[in-house]
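Lettering of chains follows the sequences in order, A, B, ..., and the numbering in each one begins at 1. Nothing here was measured: the structure is a model prediction, and the numbers come from that model.
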Amino acid sequence: MADEKSLNFLEEIVETDLKEGKYTSIATRFPPEPNGYLHLGHAKSICLNFGLAQKYGGYTNLRFDDTNPVTEETEYVESIKDDVRWLGFQWANELYASDYFQQLYDFAVVLIKKGLAYVDDSTSEEIAAQKGTPTRPGTNNIYRDRSIEENLTLFTNMKAGKYKDGEKVLRAKIDMAHINMLMRDPVIYRIKHAHHHRTGDAWCIYPMYDFAHGQSDSIEKITHSICTLEFVPHRELYDWCIEKLEIYPSHQYEFARLNMTYTMMSKRKLLQLVNEKHVSGWDDPRMPTLSAVRRRGYTPESIREFCDKIGVAKRENLIDIGLLEFCVREHLNKISLRRMVVLDPIKVVITNYPEGKEEILTSENNPEDETAGSRSIPFSRELYIEADDFMEVPPKKYFRLAPGQMVRLKSAYIIKCEEVIKNAEGKVTELRCTYVPESKSGSDTSGIHVKGVIHWVSVAHALPIEVRLYDRLFLTEDMNRIEDDFKNHLNPESLKVLTNVYAEPALKEAKEGERFQFMRTGYFCKDKDSTSTKLVFNRTVTLKDMWAKEVRKGA
RNA sequence: UGACCUAUGGUGUAAUGGUAACACUGCAGAUUUUGAUUCUGCCUUUCUAGGUUCGAAUCCUAGUAGGUCAACCA
């Protein structure tokens, strides 16, 4: 029996609308502005919009809100399409607000003819000054009373390019004393002699968001237009335009955007990080963009699961980034092949293992998935193990390697540390161990039980690789709360590059983007910077580490 | 000195007038050839004050707190 999951408030609205026969099917849209890359906040919106349509039998349009040519570029359009597809969604139609420029222009003319719009010659400063404040009403200016004929002529001239940028605007004529600031004669068209990424130089006037978005929804017969909370006050204007234009009544609903701990989700600031080279690009694996988390090794399934788990509501939230990490671990644990990789090597010589001898051992690829099969791993007299897996003076409950102590080498033998060799500075350089020949994995007759199991790589067969370890980009939990420059909060240790790393030979076959669990250290993904001679892996996320926590508590 | 939105464990989200629950986190334990995974148990919750009602997290009023609104951005 599938337990019935409760509905979020948007699903409730849709179900009610469907039940009451308001609609027979629904249409939603995802409306990004192509002025940056999509991030996890957009993923929430994508999952919501596409998810709703999927669940209730409708469709979702991908509509680029490209009404501001100075910030928008084709590069962004392509990345957005890639990201939506990667997340696993298929849009019904690829559309652009710029497709509607003529219709939108005609709508503006309709408004003028109804006496509901006028051309204003004021500067932006004057308009701002006349706007009043939230507690003080605005004031009318002389342009407000221009005749319909004059407005029509002026607006035609605006379109014809007879004025310079900023010289005139078209404003809706609503009410300068309206309690809602957005209803105080909002600017609906402005002059921009700028090249548009799709319409080229065909237009020199462009509609504002409030005069483009709702009408675009209406043209596409979007039933449920879902946006974030900061647009709540825009809804009144959204409805006003639809009513005065007497067009299809789409409706706007608002939800709270995603905020995440230690994460900055503002496109503008992310752009700044890219431009000022604090990161290597929009897809730097430390970024919260979808192209970055993809490169880092996150799966689309885990992002969708995350969006499902965080829910949808109308109150401000701050999601623990640990939940995202939980989701990706949960998925990667099920699907990723295990490999042994030593990130910080220390050499072990097995003194009672014959020189020149080699054995081929077998290890399962994924204990969570029998169909994943197994692989061969070469074993020999000299090995690398993790420096962390040896302590000369171990604390209580440390069940890895220490002088006189035994551990099992994963899928191989039990070894015992007999001697510690140090260099002149007293640093441990080599461990001399003996192995128990009867303790071979799968045919262990030694009767010895050891608690610790560690990973290892045969020196003679080791594959050198580069590994990039990522930590949170920011050190401050709630980046919405800061008052100083957000760059002051950057984590200087958000990237650590390890170049003295050895992997088992099987990793050589890895394909770009392929994800693995490096046993006991974390999940990793082969990076696009890899070449035939240099393999590079990104750490997606560490494994949960109870021992590290234990150590921290002791400290 | 306004309007609008919001208020449930540490963090999210449910409960739709009838026993406050689920996930993450945290803590404790079992299993484990990954100190992973898995499994078990535990901790912790209705902003305040009134009102309506047999009964309120839920409805009403007021207060308080947080958010939003004064771009020719979206």
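- Residue A/Val312 is classed as a sugar-phosphate contact, given heavy-atom separations below 4.0 Å to backbone atoms only.
- Comparing the same atom, C1', in B/G17 and in B/A56 gives a spacing of 7 Å after rounding to whole Å.
- When both distances must be under 3.5 Å, the Watson-Crick or G-U wobble mate of B/U40 is B/A28.
- The side chain of A/Trp547 lies closest to B/G35, out of B/U1, B/G35, B/U37.
- Screening A/Glu305, A/Arg515, A/Glu301 for a side chain to side chain contact (heavy atoms under 4.5 Å, CB included) with A/His331, the sole residue that qualifies is A/Glu301.
- Using a 4.0 Å heavy-atom distance criterion, A/Arg481 is classed as a sugar-phosphate-only contact.
- Contacts of A/Arg329 with the nucleic acid, taken as non-hydrogen atoms under 4.0 Å apart, are absent.
- Here, B/U61 and B/A23 have their C1' atoms 36 Å apart, quoted to the whole Å.
- Evaluation of atom-type donor-acceptor distances gives no pair under 3.5 Å for the side chain of A/Glu368 against the base of B/U38.
- Counting heavy-atom neighbours within 6.0 Å of A/Lys192 NZ, excluding the residue itself, gives a total above 12.
- Checked against the 6.0 Å centroid criterion, the rings of A/Phe306 and A/Phe326 do not qualify as a close aromatic pair.
- B/C4 is paired with B/G67 under the Watson-Crick or G-U wobble criterion, all donor-acceptor distances under 3.5 Å.
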What one-letter contact string describes nucleotides 27-33 of chain B from 5' to 3', where B marks a base within less than 4.0 Å of any protein heavy atom, S marks contact via sugar-phosphate atoms alone, and - marks no contact?
SS---BB
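- Separating the C1' atom of B/A36 from that of B/A21 is a span of 29 Å, rounded to the nearest Å.
- Close to B/A3, at under 4.0 Å from its OP1 or OP2, lies no side-chain N or O of A/Arg184.
- Remark: B/G17 base-pairs with no nucleotide; criterion is Watson-Crick or G-U wobble with both hydrogen-bond distances under 3.5 Å.
- Applying the Watson-Crick and G-U wobble criteria (two distances, each under 3.5 Å), B/C22 pairs with B/G12.
- With salt bridges taken as basic N to acidic carboxylate O contacts below 4.0 Å, one links A/Asp99 and A/Arg198.
- Considering only heavy atoms from C-beta on, A/Asp217 stays 4.5 Å or farther from A/Ile242 through its side chain.
- Across all strands shown, A/Phe399 has heavy atoms under 4.0 Å from base atoms, whether or not it also approaches the sugar-phosphate.
- Base pairing annotation: B/A57 forms no Watson-Crick or G-U wobble pair, as no partner gives both donor-acceptor distances under 3.5 Å.
- Residue A/Leu543 is in base contact, counting any heavy-atom pair closer than 4.0 Å across all strands shown.
- When the P atom is used for both B/U6 and B/C60, the distance is 12 Å, rounded to whole Å.
- Separating the C1' atom of B/C24 from that of B/C43 is a span of 15 Å, rounded to the nearest Å.
- Residue contacts shown for A/Ile414 are absent, as no nucleic acid heavy atom lies under 4.0 Å away.
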Which letters describe nucleotides 68-74 of chain B, given B = protein heavy atom under 4.0 Å from base, S = only from sugar-phosphate, - = neither?
-SB-BSB
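- Residue contacts for A/Tyr413: at a heavy-atom cut-off of 4.0 Å it reaches no nucleic acid atom on any strand shown.
- Nucleotide B/U52 has no partner under the Watson-Crick or G-U criteria, as no pair reaches both atom distances under 3.5 Å.
- A/Glu254 comes within contact range of no nucleotide atom at all, as no heavy-atom separation falls under 4.0 Å.
- B/G35 makes up no base pair with any nucleotide shown, lacking Watson-Crick or G-U wobble contacts both under 3.5 Å.
- The pair A/Asp65-A/Arg29 does not count as a salt bridge, with every side-chain nitrogen at least 4.0 angstrom from each carboxylate oxygen.
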